[in-house]
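Reckoned from all heavy atoms, side chains included, excluding hydrogens, waters and symmetry mates.
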There are 2 protein chains.
Amino acid sequence: MEPSPEEAGCDRARLRSDAERNRARIIEAARTVYRREGLSASMASIARAAGVGIATLFRRFPTASDLVAAVFEDAMEANRKAALAAREEPCAWDGFRAYVETVCALQADNRGFAEVLAMSFGTAKGMERARQEAFEAFTELVARAKAEGRLQPDFVGEDLPILLMANAGVLAVAGDAAPEASRRLVGQMIRGFAVGPAEALAPAPPPQRLLRGMVRQRRTAG
Amino acid sequence: MEPSPEEAGCDRARLRSDAERNRARIIEAARTVYRREGLSASMASIARAAGVGIATLFRRFPTASDLVAAVFEDAMEANRKAALAAREEPCAWDGFRAYVETVCALQADNRGFAEVLAMSFGTAKGMERARQEAFEAFTELVARAKAEGRLQPDFVGEDLPILLMANAGVLAVAGDAAPEASRRLVGQMIRGFAVGPAEALAPAPPPQRLLRGMVRQRRTAG
DNA sequence: ACACAAGCGGATAAGACATTCCACTTGGAT
DNA sequence: ATCCAAGTGGAATGTCTTATCCGCTTGTGT
């Protein structure tokens, strides 16, 4: 999984075997917790889930950002790969569409990564580099898709982060209906980006009942 | 401003004059604070801004929801009025478009109200009634705009809350670029909703620099 | 086997938060 | 002018958070 000598940007010295094991358990636990609860999950809850002491967590990851960077490095790498693959697509519009759907699905699948993608977190260099490379590949794709005449001429690469922020907003607040609502949003956005006759939206309209299930995540200390 | 005997759903008994004055100051202060900071603003900060003790705030508004309901009652009323006015528009598409732009602009102008509109907060009955009436007027407008052939046939009323969640997400995370990014999102969404040839988007593309200014609102105690 | 640096985890400090308590003050009716 | 229910502000309580400290344990090189 991690063959490179230095990972997560931090040139940590060689760890003792038990420390290495704990580190892996922490990342694994954090992956699960962040995925379900988003980045607002507390360090203590992650330590508990990992079965290690709080001090161990903080020794390995001095700030929450360090942990976030370590946890989502591979997801950001998947994002980069998706962008590079989309760029190779012969039909730029198909590539554009596939990439946008993929990255939004990555968000829908993981509340934590949704937030990472939605905000310019002061994350590790490696992560930001992958993000940047994905963005550049996407920008090339945008130019080609416009040249094909399939993408709105006034679309710009910077519209992607806006869509990611919007999608993250839906996912954060839509509760049970989040996956469905997200697909609906993305479908409508892509339809708006396209030039030419509209295609039907794939997902069914969200029932009002599901939207009623929207939840407030304000801490209700009681 | 408030001629009705019972307001904010809570049939509070007649208040002493100084209490009434404090209540008004609290609401005014909360309006300002919520607008700038969103609903996550602390009760203590609002009491401080109002120049009253914490106990006074809690006596008048036992929970944060009560305060939110009192503060945003008029904004929700403005939303309702906008929907009713849009329904009267001869051209349903124009009404549709105007309403969507108006309600999203209300969000962009007020972080707190953006959150209120984005989530089914367990708010006061009066507020929920206004929201419901706006939704019903909007639904009628949707039907007429579809009949006109100007609105995508598979658009449904429930797509509006999704847009509101998406817009709130952008506003929450885009920092300085929020108003611009929001206009861009809304413009693209509306273009996608329309049937027929695409119009150019009104706002200029957001410069990447502004998007770099996105901010994390995680409490950085220390 | 042993020494000891590296690692461990629970206690703890320090700060933000919602909410309650209580001794004091005051508007307004008489 | 007097009275007191209504109102007040700040201290206190309890929870939750990030972050550090410190005495004990353990992997590992010799």
Side-chain angles (χ1 to χ4, degrees), chain A residues 10-30 33-34 37-71 112 115 121-123 216-222, chain B residues 10-30 33-34 37-71 112 115 121-123 216-222:
Chain A
C10 188
D11 56 338
R12 60 200 163 88
R14 171 101 186 165
L15 287 180
R16 226 166 68 174
S17 63
D18 54 345
E20 190 67 58
R21 199 175 335 128
N22 278 338
R23 184 176 189 278
R25 290 172 66 184
I26 288 171
I27 290 190
E28 200 49 41
V33 173
Y34 280 149
E37 301 177 25
L39 302 186
S40 65
S42 74
M43 295 293 262
S45 75
I46 289 169
R48 209 176 318 120
V52 305
I54 311 172
T56 299
L57 173 51
F58 274 95
R59 196 174 320 104
R60 214 51 67 203
F61 303 99
T63 82
S65 300
D66 296 326
L67 179 55
V68 167
V71 166
E115 293 178 35
F121 201 62
T123 39
R216 182 91 178 93
Q217 66 270 35
R218 191 182 174 84
R219 55 221 164 270
T220 57
Chain B
C10 189
D11 57 337
R12 59 199 165 87
R14 173 109 184 146
L15 287 180
R16 226 166 69 174
S17 63
D18 55 342
E20 190 67 59
R21 199 175 335 126
N22 278 339
R23 185 177 188 277
R25 290 171 67 186
I26 287 170
I27 289 189
E28 199 49 43
V33 172
Y34 280 150
E37 301 177 25
L39 302 187
S40 65
S42 75
M43 296 293 262
S45 76
I46 289 169
R48 209 177 317 121
V52 304
I54 310 171
T56 300
L57 174 51
F58 272 95
R59 196 175 320 103
R60 215 50 68 203
F61 304 99
T63 82
S65 300
D66 295 327
L67 180 56
V68 167
V71 166
E115 294 178 33
F121 201 63
T123 40
R216 182 92 179 93
Q217 66 268 34
R218 192 182 174 84
R219 57 224 165 267
T220 56

Approximate separation, where rounding is to 0.5 Å, of A:I46 CD1 and A:I54 CD1: 12.0 Å

Set of residues satisfying side chain to side chain contact (heavy atoms under 4.5 Å, CB included) with respect to A:R48, sequence neighbours excluded: A:A44, A:S45

Nearest non-hydrogen partners of A:V71 and A:A30, listed with the distance: CG2-CB, 3.6 Å

For atom CD1 of A:I46 and atom C1' of D:dC16, their distance in whole Å: 15 Å

Contact nearer the 5' end of DNA chain C, comparing A:L57 with B:D18: A:L57

Between the protein and nucleotides 20-24 of chain D, which nitrogen or oxygen pairs are less than 3.5 angstrom apart?
none

Per A:S42 side chain, nearest of listed nucleotides C:dG9, D:dT8, D:dT18: D:dT18

Whole-Å distance separating the CZ atom of B:R48 from the P atom of D:dG9: 14 Å

Minimum heavy-atom distance A:A64-A:Y34, with the two atoms named: O-OH, 4.2 Å

Residue A:M43, side-chain atoms from C-beta onward, closest of C:dG7, D:dT18, D:dG7: D:dT18

Spacing of A:F61 atom CZ relative to D:dT18 atom C1', expressed in whole Å: 16 Å

Non-neighbouring partners of A:E28 that pass salt bridge (charged side-chain N to carboxylate O under 4.0 Å, His left out), sequence neighbours left out: A:R31

Test side chain to side chain contact (heavy atoms under 4.5 Å, CB included) applied to B:A50 - qualifying residues, sequence neighbours left out: B:I26, B:A29, B:V52

Comparing B:R21 and A:V52 on DNA chain C - which has the more 5′ nearest nucleotide: A:V52

Under 4.0 angstrom between A:S17 side-chain N/O and D:dT28 OP1 or OP2: yes

OP1 or OP2 of D:dG7 under 4.0 Å from side-chain N/O of B:N22: no

Residues which pass side chain to side chain contact (heavy atoms under 4.5 Å, CB included) with A:R25, listed by chain and number, not counting sequence neighbours: A:N22

Considering all heavy atoms, the nearest B:L57-B:M43 contact: CD2-O, 3.1 Å

Distance in Å, B:E115 CD paired with B:E37 CD, rounded so as to fall on 0.5 Å steps: 11.0 Å

Any N/O pairs under 3.5 Å between the protein and nucleotides 4-6 of chain D? List them or say none.
{"from": "D:dA6", "atom 1": "N3", "to": "B:R16", "atom 2": "NH1", "distance (Å)": "2.7"}

